[in-house]
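Everything below concerns the one structure shown next.
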Amino acid sequence: MSGGTVGQLPEGLLDGGAWFRVEATATAAAARRAAERLATELGLPENRIADLSIVTAEAGGNLVKHADEGVLLVRAVRTELSAGVEIIAIDRGPGMADLVTAVGDGHSTAGTLGIGLGAIVRQASWCDLHSVPGKGTVLVAQVWSADPPQPGWAAGLTRPLTGEQVSGDAFAVREIDGRRQVLMCDGLGHGGLAATASNEAVRAFKDGPVAPPAAVVELLHRRLNHTRGAALAVAELDAEAGLVRYAGLGNISGTVIAPGIRRGMVSLPGIAGHQRRQIRQYDYPITPDAFVLMHSDGVVDRWSLADYPGLQLRSPAVVAATVLRDAGTRRDDAGVVVARLP
């Protein structure tokens with residue numbers, strides 16, 4: 001998954017997804033239609049498309065009724081055996097102090113029937129959410145064609161610069177022969193040429209041989225020499241050793257975060273595809289309660305895990321969406337990927 005368009009899904013499957021600013025019922029309806037169309041392209045059966053329609057309609061309706069600056073992302077999710085559609089609803093609304101009550105049927109703060117979040121939980125194959133009073137809510141829901149896979153150990157999302165249709169940031173995740181690796185990439189500049197560079201990095205990462213992060217970064221550097229170049233970093237999470245192995249070129253930020261701990265990881269100066277010094281790999285300890293956060297320079301570091309009670313227990317997708325909402329800047333493409341030990 002990489003990139004993302006704003007407002008509509010172009011022809012064909014779009015794994016990057018489409019962002020919708022949901023401020024009115026009409027926009028919520030457009031997001032629902034986009035989700036249904038994507039599900040049809042992915043081959044979901046009619047009953048699952050109907051479930052997805054309910055999930056998207058309720059998520060969009062909640063944004064219209066309750067949210068400030070509400071946005072909704074519609075994108076494809078895949079495994080080798082199955083496919084589905086993921087809905088991510090993000091807002092800066094009042095938040096919810098009691099999620100258990102809010103998810104129960106009959107609870108409403110807007111004079112409705114009070115079945116919104118409960119309907120999402122029932123119809124989705126998998127969902128997760130986090131809310132902080134005064135900061136807002138993040139909801140992630142997936143509807144799969146068959147039995148859903150286990151929630152992933154890593155997830156991310158990107159958002160284009162305001163006014164652009166594609167993002168120059170991209171991420172990718174792979175697990176081969178027990179090695180779990182994550183790529184975060186920021187194509188130089190923004191727009192189509194930046195997206196071309198990042199997408200080439202994603203293809204090379206997914207198709208390349210299994211190797212330590214430094215060797216992977218070296219491969220990507222060679223593969224990007226016909227593009228405008230990119231900042232990028234690769235992290236490998238080794239549960240047995242309790243380590244994160246990390247190598248990067250350019251201004252990708254990588255951090256190991258746990259309650260009371262925030263340890264930055266080193267990316268060396270350079271532009272993958274054009275200029276580099278020696279590529280070096282660094283090892284950092286990681287514990288089961290920690291996660292790895294990687295982001296482009298469209299996301300600032302001025303946020304604290306302590307301001308989000310319970311967030312470290314949520315899925316990587318919810319963590320990434322929360323960070324993008326509160327630390328992402330509109331003056332640049334923004335991309336976040338989060339990974340943790342399985």
Side-chain angles (χ1 to χ4, degrees), residues 58-59 62-63 65-73 86-110 114 116-118 120-121 124 126-142 150-157 159 182 237 242 244 253-265 284-295 299-329 334-342:
E58 294 294 345
N62 281 338
L63 292 179
K65 290 192 283 282
H66 304 295
D68 296 325
E69 302 179 37
V71 294
L72 193 147
L73 174 64
E86 182 175 66
I87 305 298
I88 302 182
I90 306 170
D91 72 66
R92 297 181 185 274
M96 294 176 282
D98 186 347
L99 285 178
V100 174
T101 299
V103 169
D105 286 346
H107 177 77
S108 173
T109 59
L117 288 177
I120 292 172
V121 171
W126 172 86
C127 70
D128 189 22
L129 73 159
H130 183 260
S131 188
V132 176
K135 288 186 176 293
T137 302
V138 170
L139 166 73
V140 179
Q142 297 178 353
Q150 291 295 317
W153 57 273
L157 65 165
R159 184 184 65 201
V182 180
L237 281 70
V244 180
S253 295
T255 311
V256 180
I257 298 174
I261 298 173
R262 190 182 186 100
R263 180 179 293 110
M265 299 187 288
Y284 302 90
I286 185 172
T287 54
D289 62 341
F291 59 85
V292 172
L293 174 72
M294 299 163 64
H295 63 78
V299 177
V300 299
D301 284 321
R302 294 189 300 272
W303 71 280
S304 172
L305 184 63
D307 294 333
Y308 302 87
L311 182 62
Q312 74 273 13
L313 302 177
R314 304 268 50 92
S315 64
V318 166
V319 177
T322 301
V323 173
L324 184 68
R325 178 193 66 193
D326 291 348
T329 168
V336 182
V337 63
V338 174
R340 58 162 43 105
L341 297 175

Spatial distance of atom CG (Leu139) from atom CD1 (Ile88) [nearest 0.5 Å]: 9.0 Å
side-chain contact (heavy atoms from CB on, under 4.5 Å) evaluation trace for Leu157 with Leu324: CA-CA 8 Å; Leu157 65 165; Leu324 184 68; 3.7 Å; yes
Of all heavy-atom pairs linking Val140 and Glu86, the shortest is CG1-OE2, 3.4 Å
Mind checking side chain to side chain donor-acceptor pair (under 3.5 Å) for Asp289 and listing every partner two or more places apart, or none if nothing turns up? Thr287
About how many Å separate CE of Met265 and CE of Met294, when rounded to the nearest 0.5 Å? 6.5 Å
Quick one: does any side-chain atom of Arg340 pair with a main-chain N or O of Pro288 as donor and acceptor, under 3.5 Å? no
Walk me through it: do Lys135 and Arg325 pass the test side-chain contact (heavy atoms from CB on, under 4.5 Å)? CA-CA 10 Å; Lys135 288 186 176 293; Arg325 178 193 66 193; 4.1 Å; yes
The side-chain contact (heavy atoms from CB on, under 4.5 Å) partners of Ala124 (sequence neighbours excluded) come to Val55, Cys127, Ala141
Show every donor-acceptor pair shorter than 3.5 Å between a side-chain atom in residues 308-321 and any protein atom, with sequence neighbours excluded, or say none if there are none.
unit_1	atom_1	unit_2	atom_2	d
Tyr308	OH	Asp326	OD2	2.6
Arg314	NE	Asp128	OD1	2.7
Arg314	NE	Asp128	OD2	3.4
Arg314	NE	Leu129	O	3.4
Arg314	NH2	Asp128	OD1	3.1
Ser315	OG	Asp128	OD2	2.8
Ser315	OG	Val318	N	3.4

Scan the side chains in residues 253-264 for donor-acceptor partners under 3.5 Å anywhere in the protein, sequence neighbours excluded, and list what turns up.
unit_1	atom_1	unit_2	atom_2	d
Arg262	NH1	Trp303	O	3.1
Arg262	NH2	Asp301	O	3.3

The side chain to side chain donor-acceptor pair (under 3.5 Å) partners of Trp153 (sequence neighbours excluded) come to Glu175
One should read off an interatomic distance between Asp68 CG and Asp91 CG, to the nearest 0.5 angstrom, of 7.5 Å
Interatomic distance, CG@Leu63 vs CD1@Ile90, rounded to 0.5 Å, equals 9.5 Å
Can you tell me how far CD1 of Ile286 sits from CG of Leu237, rounded to the nearest 0.5 angstrom? 4.5 Å
Could you walk me through whether Asp307 and Val132 satisfy the side-chain contact (heavy atoms from CB on, under 4.5 Å) test, starting with their C-alpha distance in whole Å, then the side-chain angles of each, then the deciding distance to 0.1 Å, before giving a yes or no? CA-CA 9 Å; Asp307 294 333; Val132 176; over 6 Å; no
